[in-house]
Amino acid sequence: MRRLFWLAMGITIGALVVRKLSRAAEKMTPAGIGASIAEGLRDLADAIGDFGADVRAAAAAREEELRSGTGLDAPLPERDTTQLQLPGRPAGRPSGRPSGRRGAHAADR
């Protein structure tokens, strides 16, 4: 009975060792190396995607904090177009720069 137990134990251990060695040998072939590189790149792409999703979620949360803190989400007041003209300026002239050639070179005049 003891001999039968040890024989079964030896066969089991031998089979496990052969399976482990054949897996290791398969990983060392060009196809095995390519498969492990592809799996590594797939894992890296998944990690980068997860990182990007986390960054976008954190940025959205921070933007919401900033908007609520500064009041940027408040509705804009209604403007009346008749009040856009500044007092003391003629209606025909824009409120920006004067009509002269300010900033031009003396040679251009």
Side-chain angles (χ1 to χ4, degrees):
M1 195 64 162
R2 278 186 156 184
R3 288 184 181 173
L4 186 60
F5 170 76
W6 288 112
L7 179 64
M9 184 66 77
I11 290 172
T12 304
I13 291 173
L16 291 174
V17 167
V18 167
R19 288 180 73 189
K20 284 270 191 191
L21 287 176
S22 58
R23 283 185 192 159
E26 184 180 326
K27 286 182 181 179
M28 300 309 278
T29 63
I33 291 172
S36 65
I37 288 174
E39 183 181 337
L41 289 175
R42 210 172 8 258
D43 291 343
L44 179 63
D46 289 343
I48 290 172
D50 291 342
F51 176 73
D54 291 344
V55 167
R56 283 189 296 276
R62 182 63 179 149
E63 182 176 358
E64 181 62 33
E65 287 175 15
L66 291 173
R67 284 186 175 275
S68 65
T70 58
L72 288 176
D73 287 336
L76 294 175
E78 293 295 323
R79 282 206 251 178
D80 187 15
T81 57
T82 59
Q83 293 179 359
L84 288 179
Q85 181 160 343
L86 297 175
R89 295 201 182 251
R93 181 181 283 181
S95 61
R97 288 178 40 171
S99 61
R101 292 189 60 175
R102 186 180 221 170
H105 289 36
D108 292 340
R109 291 184 188 172

Clusters formed by hydrophobic residues whose side-chain heavy atoms approach within less than 4.5 Å: which one holds V17, and what are its other members? F5, W6, M9, I13, L21
In Å, rounded to the nearest 0.5 Å, how long is the span from CD1 of I48 to CG of L44? 4.0 Å
Under the side chain to side chain contact (heavy atoms under 4.5 Å, CB included) test, which residues partner V55, sequence neighbours left out? F51
Go through the structure and list residues passing side chain to side chain contact (heavy atoms under 4.5 Å, CB included) with M1, not counting sequence neighbours. none
Would you please name every residue forming a side chain to side chain contact (heavy atoms under 4.5 Å, CB included) with I37, sequence neighbours left out? I33, L41
Once side chain to side chain contact (heavy atoms under 4.5 Å, CB included) is applied, do any residues pair with L4, and if so which ones, sequence neighbours excluded? none
Could you list all the side-chain hydrogen bond (donor to acceptor under 3.5 Å, both in side chains) pairs where at least one residue sits in residues 37-66, not counting sequence neighbours? R62-E65, E63-R67
